[in-house]
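Some notes on the structure that comes next.
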Amino acid sequence: MRFDIHKELNEAQLKAAMATEGPVLVIAGAGSGKTRTIVYRLAHLVREGLDPQSILLLTFTRKASQEMLNRAGRLLGQGLNGVVGGTFHSFAYAMLRRYSRALGLAEELTILDKGDSEQVVAQVRESQGIGKGDRSFPKKGTISSLISKSRNKELGLQILIENEARHLLVYGEDLQAIADSYSRFKREYGLLDYDDLLFYCEKLLTEHEGIRDFLRLKYQHILVDEYQDTNLVQGRIVSSLAGPGGNVMAVGDDAQSIYSFRGATVANILRFSESFPGARIIKLEQNYRSVQPILSLSNQILERAEEKYEKNLFTERSDGQKPELLRPISDHSQSRVVLNKIEELAREYPLHEIAVLFRSGFQSYNLEVALNKQGIPFKKFGGQKFTEAAHIKDVLAYLRLAANPADLPAWQRAMTLIPKVGPKTCQRLYDSIVSGDGAYLARSRRSNEDLDRAVTFIHRLQEQKKERVFVLLEQVLEFYQPLLKSRFPDDYPRRQAGLDELSQIAAAYEELDLFLSDLCLENPDQLGQRDPLEDNLVLSTVHSAKGLEWQAVIIIDLVEERFPSKHALMDKFGMEEERRLFYVACTRAKEYLGLSMPDSLYNRYQRFHESALASPFVLELSPDGFDEFREDMSGTMLVHRPIKDKKGPSQAKKGGDRQASPDKLGHCRHKIFGRGKVVQFFPPNRYQVNFPGFGLKKIMGDYLEMEE
DNA sequence: ACCTGATATCCGATC
DNA sequence: GATATCAGGT
């Protein structure tokens, strides 16, 4: 016996780990040792003699499941070979491959990644002549995401548009027509998008009882992590796979649900007992991650949430410093302020224990430049994924064709790289090949030398499809080299580095199919084997930071329209989700938490700094909970002590409007824009001011000095 | 008929 | 940086 489960878990964790009979729902607060609990449960099950092959572990990323399995293996002193672990999508894909015949699917499955789906949408729109020449017609990305959302939330397209994109209601019929032909197109060419993977998997379980019963018997224990971020169909897959009274443990935290844009719904948590009558519910409430001041501030964020579960997070770490509110003059100087803070923190923590978090990918651009200049190494997570980069997709298209010659999106991509070949030629070539009548193809090859070379190359590749992945990739890279340079004359060296990275990842694979499906079903940032010696600062979107933790965390751009994102106002639940997102961000920190709130944002379009409104989430916080620092004009940070009877930012919301009464609209001063005329008052505390040279601005009263 | 390059506009988080 | 459209070229 290598571990003592009774000593190494707290009471609630122990209950959760040992409750191996029947359904269990674990509500696990942030930092409450959720992973630890799952790991011990796994180890416990196997130690009791359960065959690892009868465990199914569904997580948010494969890296997460791999890590849990490794840790459980270490406890046991033996590997946990045979546990099926990964994401819902990759599990579904595996099922579809195994049972493609029962489902009437093609032998070779083609998965459409985000870009592919959008391409198909653009194509069907074009072929139907919908919205031709209409500049304000929604873009392919918008259409594609609406279609996907409607499926994930299981709402009709019209209803979804009404709820979340009213302004597109005028295009309702057109969008419906596109959605219909999109799904026809997929069926015709044997294509599966991400959503199809889940729905076909469900279909497999509901329409083929034999298969379902077989799988039920096989997977005697099901563990689902991050249950708050599962959507309806994922919930049904779990129910169906486990069966009533099945041994299923779902772990999640409703307060950390941040994927509703993808159809995730806390309904799965709320109605767990309905799906699984007699389910036990266990709460993990002791926080082991953060020092008390960070936890207190985080709890404050949650207190204001409209819908919440009663939860009482506590910690025994009573030490620790207060979070800091950093107030740079602008988002530009924010980079410098944050950089200084990082250098200060780096004296105490290794770089990889420091993270900078932000709402969306582009928000770190400025900081990235500053870090490069300073020579601080960093690794960025989230934002544009490297498989989405044009050059990577180009190369993968050839590999996809080697695996499946009928892969239409790959064919289109590979062919349009060839000079003189555009969409029309491409489609004809494809039809010519698929129909078996190669006349058009032969003719084109004679008249276009580049095309001939490409087709010859693809054929050669297809003959070697059983070769190791890197053998194939090597050839593609050689073939692609001249194309890379002509396509990206300005920055091909940078892109070459990306291709080298792809080779690194490929080296770990034998089979082409597996390599390709992993690249679109797993986050490639986490795919390659990372050098444990490298010590990089972490830059990450909050979404990509889910489930992770660092000694020190700095959250940047805490201003209105950035965090919360301006898109949050699109639907009524948006704000609440942003709040949970902010909660997730803060609870990543163990010892140091910095909140950065610039006073102005650089407007690239109009080329000047525009005053920014403080994020409402920061305004809500009690000023006792953090220390405040303001940047002065010389660039140094000064301690800012809120004066008791003068209004600090925190009173702004509750307090009201005594600062300057709305009826005497005179002149005022602003730190950046100078003197301006107050035009209008917006309760509770905003003023519209006309600044000569800057124009009309809406600004919080706190940042204005009123003239008598 | 079809491809290619220039120009204006907009930008969300993920499998 | 990517997308969409338009004008020009073969």
Side-chain angles (χ1 to χ4, degrees), chain A residues 58-62 86-93 111-115 117-119 121-122 125-126 131-145 148-149 151-152 164 192-198 226 229-231 233-234 257-264 357-363 365 381-385 387-390 393 415-416 418-428 448 486-488 490-491 494 517-526 540-546 561-570 574 577-578 580-581 584-585 604-605:
Chain A
L58 293 169
T59 52
F60 206 68
T61 63
R62 188 169 56 201
T87 64
F88 273 92
H89 287 87
S90 61
F91 173 73
Y93 175 65
I111 305 175
L112 298 175
D113 66 16
K114 188 167 146 251
S117 307
E118 290 176 0
Q119 212 48 59
V121 163
R125 179 192 143 177
E126 165 103 22
K132 209 171 150 200
D134 179 356
R135 274 175 172 271
S136 55
F137 197 84
K139 313 264 176 276
K140 60 179 181 184
T142 313
I143 305 170
S144 169
S145 91
S148 175
K149 260 192 189 179
R151 296 192 72 200
N152 276 291
E164 301 190 22
L192 300 171
D193 63 21
Y194 288 133
D195 309 327
D196 291 325
L197 294 178
L198 300 177
E226 310 284 8
D229 287 324
T230 56
N231 64 19
V233 64
Q234 288 170 328
S257 163
I258 55 177
Y259 279 90
S260 74
F261 68 89
R262 194 169 95 183
L357 305 184
F358 32 85
R359 176 63 180 83
S360 27
F362 74 92
Q363 288 169 261
Y365 290 165
F381 299 89
Q384 210 212 3
K385 265 197 303 186
T387 31
E388 282 165 14
K393 297 201 75 172
M415 282 300 115
T416 36
I418 309 300
K420 310 263 180 238
V421 180
K424 289 275 158 41
T425 312
C426 188
Q427 185 64 41
R428 281 193 203 146
N448 185 340
S486 62
R487 203 153 125 76
F488 308 104
D490 300 332
D491 65 343
R494 182 182 68 82
S517 62
D518 270 11
L519 277 180
C520 58
L521 294 177
E522 303 290 334
N523 187 341
D525 283 337
Q526 306 168 354
S540 176
T541 59
V542 182
H543 283 92
S544 291
K546 185 168 100 157
E561 308 227 311
R562 291 281 177 92
F563 202 153
S565 154
K566 62 179 162 192
H567 300 278
L569 301 166
M570 299 258 268
E577 178 133 328
E578 298 290 307
R580 292 191 296 267
L581 208 44
V584 169
R604 187 161 55 109
Y605 186 56

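Reminder, nothing fancy here: chain letters follow the sequence lines and each chain counts from 1.
Each of C/dT3, B/dC3, B/dA13 was ranked by its minimum atom distance to the side chain of A/Lys424; first place goes to B/dC3. For A/Arg262, whose side chain is taken as the heavy atoms from C-beta onward, the closest listed nucleotide among B/dT14, B/dG12, C/dT3 is B/dT14. If you check B/dC15, B/dT14, B/dG12 against the side chain of A/Ser360, the one that comes closest is B/dG12. Distance from the side chain of A/Thr87 is smallest to B/dC15 among C/dT5, B/dC15, B/dA13. Of the candidate nucleotides B/dC15, C/dT5, B/dG12, C/dT5 has the atom lying nearest to any side-chain atom of A/Arg125. Listed nucleotides C/dT3, B/dC15, C/dT5 differ in distance to A/Lys139; the shortest reach to its side chain belongs to C/dT3. Nearest nucleotide to the A/Lys140 side chain, out of B/dT14, B/dC3, C/dA4: C/dA4. Looking at the side chain of A/Tyr259, the nearest of the listed nucleotides B/dT14, B/dC2, B/dT4 is B/dT14.
Between A/His89 and B/dC15 there is no side-chain polar atom (N or O) within less than 4.0 angstrom of OP1 or OP2. Phosphate contact (OP1/OP2 of B/dT14, side-chain N/O of A/Ser544, threshold under 4.0 Å): present. For A/Thr541, a side-chain nitrogen or oxygen approaches OP1 or OP2 of B/dT14 to under 4.0 Å. The phosphate of B/dC15 (OP1 or OP2) has a side-chain N or O of A/Lys385 nearer than 4.0 angstrom. In this model, the phosphate group of B/dC2 is approached by a side-chain N or O of A/Arg428 to a distance below 4.0 Å at OP1 or OP2. Contact check, A/Thr425 against B/dC3: a side-chain N or O comes under 4.0 Å of OP1 or OP2.
A straight line from OH of A/Tyr93 to P of B/dC15 spans 17 Å, rounded to a whole angstrom. One interatomic measurement links the two molecules: NE2 of A/His567 to P of B/dT14, which rounds to 13 Å at whole-angstrom precision. B/dG12 atom P lies 21 Å from atom NZ of A/Lys546, rounded to whole Å. Rounded to whole Å, the distance from NZ on A/Lys114 to P on C/dA2 is 11 Å. Whole-Å rounding puts the A/Leu58 CG to B/dC15 C1' distance at 13 Å. The distance between atom CZ of A/Phe362 and atom P of B/dG12, rounded to the nearest whole Å, is 8 Å. Following rounding to the nearest Å, A/Gln119 (CD) and C/dT3 (C1') show an atom-to-atom distance of 10 Å. Rounded to whole Å, the distance from CD on A/Gln363 to C1' on B/dA13 is 11 Å.
Heavy atoms of A/Asp134 sit under 4.0 angstrom from primed sugar atoms or phosphate atoms, though from no base atom. Residue-level contact check: A/Glu578 touches the bases, meaning some heavy atom is under 4.0 Å from a base atom.
Nearer the 5' end of DNA chain C, as judged by each residue's closest nucleotide, is the contact made by A/Phe137, out of A/Phe137 and A/Lys420. Nearest-nucleotide positions on DNA chain B for A/Val421 and A/Cys520 put A/Val421 closer to the 5' end. Of the two residues near DNA chain C, A/Gly131 and A/Arg494, the one whose nearest nucleotide lies more 5' is A/Arg494. Residues A/Cys426 and A/Gly361 each lie close to DNA chain B; by heavy-atom proximity, the contact nearer the 5' end of the strand is made by A/Cys426.
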Kindly determine whether A/Gln234 and A/Leu58 satisfy side chain to side chain contact (heavy atoms under 4.5 Å, CB included), including the steps that lead there. CA-CA 10 Å; A/Gln234 288 170 328; A/Leu58 293 169; over 6 Å; no
Would you sort out whether A/Thr87 and A/Glu522 count as a side chain to side chain contact (heavy atoms under 4.5 Å, CB included), showing the intermediate values? CA-CA 8 Å; A/Thr87 64; A/Glu522 303 290 334; 4.0 Å; yes
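Stacking of the aromatic ring of A/Phe261 onto the base of B/dG12 is not found under the criterion of centres within 5.5 Å and planes under 30°.
Looking only at side-chain heavy atoms (C-beta outward), A/Val233 and A/Phe88 stay at 4.5 Å or farther from each other. The shortest distance between side-chain heavy atoms of A/Gln119 and A/Lys140 falls below 4.5 Å.
Formation of a donor-acceptor pair under 3.5 Å by the A/Asn152 side chain with backbone atoms of A/Asp195 is not found in this model.
A/Tyr259 has its ring centre less than 6.0 Å from the ring centre of A/Phe261.
Within the model, atoms CD of A/Glu561 and NE2 of A/His567 stand 9.5 Å from one another, a figure rounded to the nearest 0.5 Å.
Not a single donor-acceptor contact under 3.5 angstrom links the side-chain atoms of A/Glu388 to the base of C/dG1.
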